[in-house]
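Counting convention: from 1, in listed order, for ligands and their atoms alike. On a predicted model such as this, the values are computed, not experimentally measured, just so you know.
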Amino acid sequence: MLLKYIIYAKEVRNVDCIFCKIIKGEIPAKIIYEDDKILAFKDISPIAPTHILFIPKEHIESVNFLENQHIDLVGEIILKMKEVAAKLGIGDEGYRIVNNCGNLGGQTVGHLHFHLIGGRQMQWPPG
Ligand code: 5GP
Ligand code: ZN
């Protein structure tokens with residue numbers, strides 16, 4: 001598609017991407033946290049009492065598309081997940097951070113995201 005990517009003040013968005021549409025406010029979501037680089041919102045189909053998705057505002061398809069320039073961004077996302085978990089009162093009891101990458105990894109949305117899942121006992125191994 002010719003105009004697949006749109007650049008908003010340094011940030012790249014993909015017009016076909018549902019998470020980019022959430023960033024733009026075109027699809028509603030329950031926002032938990034937002035800054036200039038990161039958005040966190042409730043998963044539409046939660047698998048636990050707490051299930052929040054953390055995404056970069058830059059459209060990056062998956063971990064496979066990360067490069068050196070994204071090191072700080074990914075670090076900030078993980079630290080923000082820790083901070084939000086603590087604010088929600090699940091920091092000490094523990095939680096799970098999940099990233100699904102590609103088809104066999106179970107990724108269903110092609111915009112990098114990290115799941116913060118908590119509020120119940122997790123099992124291992126995952127499915
Ligand atoms: P994945 O399977 O790619 O790791 O995770 C994608 C997640 O996005 C799933 O847990 C799914 O429930 C969630 N999701 C898909 N579409 C939407 C949506 O439109 N809004 C929200 N809030 N979550 C979504
Ligand atoms: Zn996107």
Side-chain angles (χ1 to χ4, degrees):
M1 185 178 174
L2 190 61
L3 264 178
K4 195 168 178 182
Y5 293 92
I6 296 179
I7 299 172
Y8 289 88
K10 287 198 287 186
E11 281 168 22
V12 180
R13 306 266 162 77
N14 180 328
V15 293
D16 298 326
C17 169
I18 54 170
F19 286 178
C20 281
K21 286 181 179 168
I22 288 175
I23 293 166
K24 286 183 276 177
E26 292 173 5
I27 294 177
K30 290 181 182 160
I31 307 294
I32 300 294
Y33 174 81
E34 179 167 20
D35 64 27
D36 56 331
K37 285 175 273 183
I38 300 168
L39 185 68
F41 52 94
K42 287 192 177 182
D43 195 292
I44 203 166
S45 305
I47 60 163
T50 297
H51 189 171
I52 300 168
L53 301 174
F54 286 71
I55 67 173
K57 286 191 171 175
E58 177 183 349
H59 179 85
I60 301 165
E61 251 182 81
S62 73
V63 164
N64 277 344
F65 290 78
L66 286 172
E67 294 172 5
N68 283 346
Q69 71 198 61
H70 300 120
I71 287 173
D72 285 353
L73 174 64
V74 173
E76 281 176 35
I77 290 174
I78 301 298
L79 283 178
K80 191 52 68 180
M81 295 180 85
K82 177 196 81 165
E83 199 180 301
V84 169
K87 277 195 180 136
L88 294 175
I90 61 167
D92 290 340
E93 67 190 27
Y95 50 87
R96 184 169 286 175
I97 291 175
V98 173
N99 170 262
N100 298 322
C101 180
N103 284 339
L104 290 190
Q107 184 175 5
T108 59
V109 176
H111 182 129
L112 179 67
H113 53 282
F114 297 89
H115 301 251
L116 172 63
I117 305 164
R120 67 166 169 81
Q121 180 61 56
M122 299 297 149
Q123 306 299 324
W124 195 264

How close does the nearest protein non-hydrogen atom get to [atom], and which residue and atom is it?
atom: atom 16 (N) of ligand 1; result: I18 CD1, 3.3 Å
atom: atom 12 (O) of ligand 1; result: D43 OD1, 2.5 Å
atom: atom 23 (N) of ligand 1; result: I44 N, 3.2 Å
atom: atom 1 (P) of ligand 1; result: H113 NE2, 3.1 Å
atom: atom 22 (N) of ligand 1; result: K42 O, 2.9 Å

Tell me whether [X] has any N or O atom under 3.5 angstrom from an N or O of ligand 1.
X: F41; value: no
X: H51; value: no
X: L53; value: no
X: V109; value: yes

>> Give the atom numbers and elements of ligand 1 that come within less than 4.0 Å of a heavy atom of T108.
In response: 1 (P), 2 (O), 3 (O), 5 (O), 6 (C)
>> Under a 4.0 angstrom heavy-atom cut-off, which atoms of ligand 1 come close to Q107?
In response: 3 (O)
> Which single N/O/S atom of H111 lies at minimum distance from the Zn ion (ligand 2)?
Replying inline: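 The atom in question is ND1.
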> For the Zn ion (ligand 2), what is the closest N, O or S atom on H59?
Replying inline: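 Minimum-distance N/O/S atom of H59 relative to the Zn ion (ligand 2) is ND1.
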> Which pair of heavy atoms, one from V15 and one from K21, lies closest together, and at what distance?
Replying inline: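 It is O-CE, 3.3 Å.
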>> Which heavy atom of C20 sits nearest to which heavy atom of H59, and what is that distance?
In response: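 So the two residues come closest at SG-ND1, 3.5 Å.
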> How far does NE2 of H113 sit from CG of L53, to the nearest 0.5 angstrom?
Replying inline: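 Here the interatomic distance stands at 6.0 Å.
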